Amino acid sequence: VAGGCLSVILLGASGDLAKKKTFPAIFNLYKQGFLPNDQLQIFGYARSKMTDTELRNRIRGYRDMEDSWILSCSWQVTYISGPYDEESGYIKLSEQIASHENNKCGTTCSTRRLFYLALPPSVYPLVSRMVRKHCMNPHSLVFGVHVTGGWSRVVVEKPFGKDLASSEDLSSELGKLFTEDQLYRIDHYLGKEIVQNLLVMRFANRFFVPLWNRDNIANIQIVFKEDFGTEGRGGYFDEYGIIRDIIQNHLLQVLCLVTMEKPVSLTPEHVRDEKVKVLRAVQPIRDEDVVLGQYEGYKDDPTVPKDSVTPTFASIILHINNERWDGVPFIMKAGKALDSRKAEIRVQFKDVPGDIFKCQKQGRNEFVMRLQPSEAMYMKLTVKQPGLDMKATQSELDLSYQQRYQDVVIPEAYERLILDTIRGDQQHFVRRDELRVAWEIFTPLLHRIDEGKLKAVPYEQGSRGPKEADELLNVRAGYVRTDGYIWIPPSLK
Ligand code: BG6
């Protein structure tokens, strides 16, 4: 990335998100030469008392952080401990950033400050106010033109509120402090390789252009499954539940890219305009289109209240009222403690009219985009079974990334998004109006759940989730399960 001095300021540096996602992403970018390595300084700020070395060891202790290269840059990590609600800490932080900038760039160079808020939601507004007051880059105007090419950008992580009203409160608070082009609302699903491929797949292939509509598509599923429970995050999770944790953000973002119209161009505002437009066409959610579940044993977590009714599983059918999608059910399914870990988009096509192979068929055509694990895209087709008999069978055209792109390392979502922030590209970040519509869609349902009007049914850990969800899928969404065929990722063959 061209430019001058770069300070990455990680607020909440002693937390889990910083350790598992943000620091590794920054170091990986550093390692690949995407950062101005000799002009970079990383500042960690949090309440815990720690020395620079203790923070470095904490980061180094995490999984894939190989010592050899992390050692080479970990001296560039400075830790500042301070309370979130006292000015003194931020003044100290600001002095340290300025001193780094003076040492590395003097006064002539453009300087860049990236603030990453990896914090509990309760302290967001407070920390944002402090950052705005004490730590913004004097080499850029806070509201207005970047005079010297310097900038301050602020990355914020979900949860962005708990419903429409609280999210709007947070948005207006942040809106008073930062301009929309300084704010990067991260949804890390937008940084995943297959999600980034969606627009290319849909709009650069003649195969898909004429088929991608209600005339040909029977239903679309967007699925997130984890084969583990809340794992120590029960306290946070219980307040939010699976719809706020996964569906309202990650899966809805994927839905936008699957269903939006072609943007005029790839400029961020054109793409985000189309996302907002399709979200506005999503119909209110009906109770009969929802199945909620809670896995047995969820309440054994000491951080979860014994009488919790929070759903850890949800399957919801959405409808989009526009010319392209009228009548097509979109099934958004997410759950914890299920039988496997995967995230995928499954597009099921309608039956062939007047089908002469009907009685031999195993299932419908499907186009599957597997986000994780083992990124892949495959099309389930009916073909002739090789041999002397004229027999139809289900097979696939398979683009499995591990096989096709053997020398390519697929970047972590956070790496890509942090790099986008440094480059000033907001395409893969959530705009304020987009966030608002996302909450408008789910808030009435969430309130009905919070008022106890919809109940979660128990399901066994390690299962497919409540059987009612399969009924919803088959009966209300018209999904036709393929008989006797399973796609096996090449890594397992
Ligand atoms: C987070 C959720 O946003 O996404 C977690 O809070 C979930 O509950 C995680 O485990 C899943 O992310 P990924 O990238 O592992 O699919």
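Since this is a predicted model, take the numbers as computed values, not measurements. Order of appearance sets the numbers: ligands from 1, and atoms from 1 within every ligand.
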| remark: Atoms of ligand 1 under 4.0 Å from any heavy atom of Lys336, numbered from 1 in the order shown, are 5 (C), 7 (C), 8 (O), 10 (O)

| task | Around atom 12 (O) of ligand 1, find the nearest protein heavy atom and jot down its residue, atom name and distance. | result | His188 NE2, 3.1 Å

| task | Scan for salt bridge (Lys or Arg N to Asp or Glu O under 4.0 Å) pairs involving residues 289-306, sequence neighbours excluded, and state none if there are none. | result | Arg286-Asp289, Asp289-Arg476

| said: Under 4.0 Å, counting heavy atoms only: does Phe237 come that close to any atom of ligand 1? | reply: no

| Any nitrogen or oxygen of Lys21, main chain or side chain, under 3.5 Å from a nitrogen or oxygen of ligand 1? | no

| said: According to salt bridge (Lys or Arg N to Asp or Glu O under 4.0 Å), who are the partners of Glu412, at least two apart in sequence or on a separate chain? | reply: none

| note | The protein heavy atom nearest to atom 16 (O) of ligand 1 is Tyr189 OH, 2.4 Å

| request: Run the numbers on Arg233 and Asp16 for salt bridge (Lys or Arg N to Asp or Glu O under 4.0 Å), then give the verdict. | output: CA-CA 10 Å; Arg233 290 171 74 232; Asp16 233 37; over 6 Å; no

| request: Measure the shortest side-chain to side-chain distance between Gln253 and Lys275 over non-hydrogen atoms and say whether it is less than 4.5 angstrom. | output: yes

| query | Rounded to the nearest 0.5 Å, how far apart are CE of Met136 and CG of Leu177? | reply | 8.5 Å

| remark: To atom 5 (C) of ligand 1, the nearest of Glu226, Arg244, Lys192, Arg233 on a heavy-atom basis is Arg233

| request: Quick one: do Asp433 and Arg431 satisfy salt bridge (Lys or Arg N to Asp or Glu O under 4.0 Å)? Show the steps, please. | output: CA-CA 6 Å; Asp433 53 348; Arg431 206 166 65 185; 2.9 Å; yes

| message | Please list the nearest protein heavy atom to atom 6 (O) of ligand 1 with its residue and the distance rounded to 0.1 Å. | response | Asp245 OD1, 2.6 Å

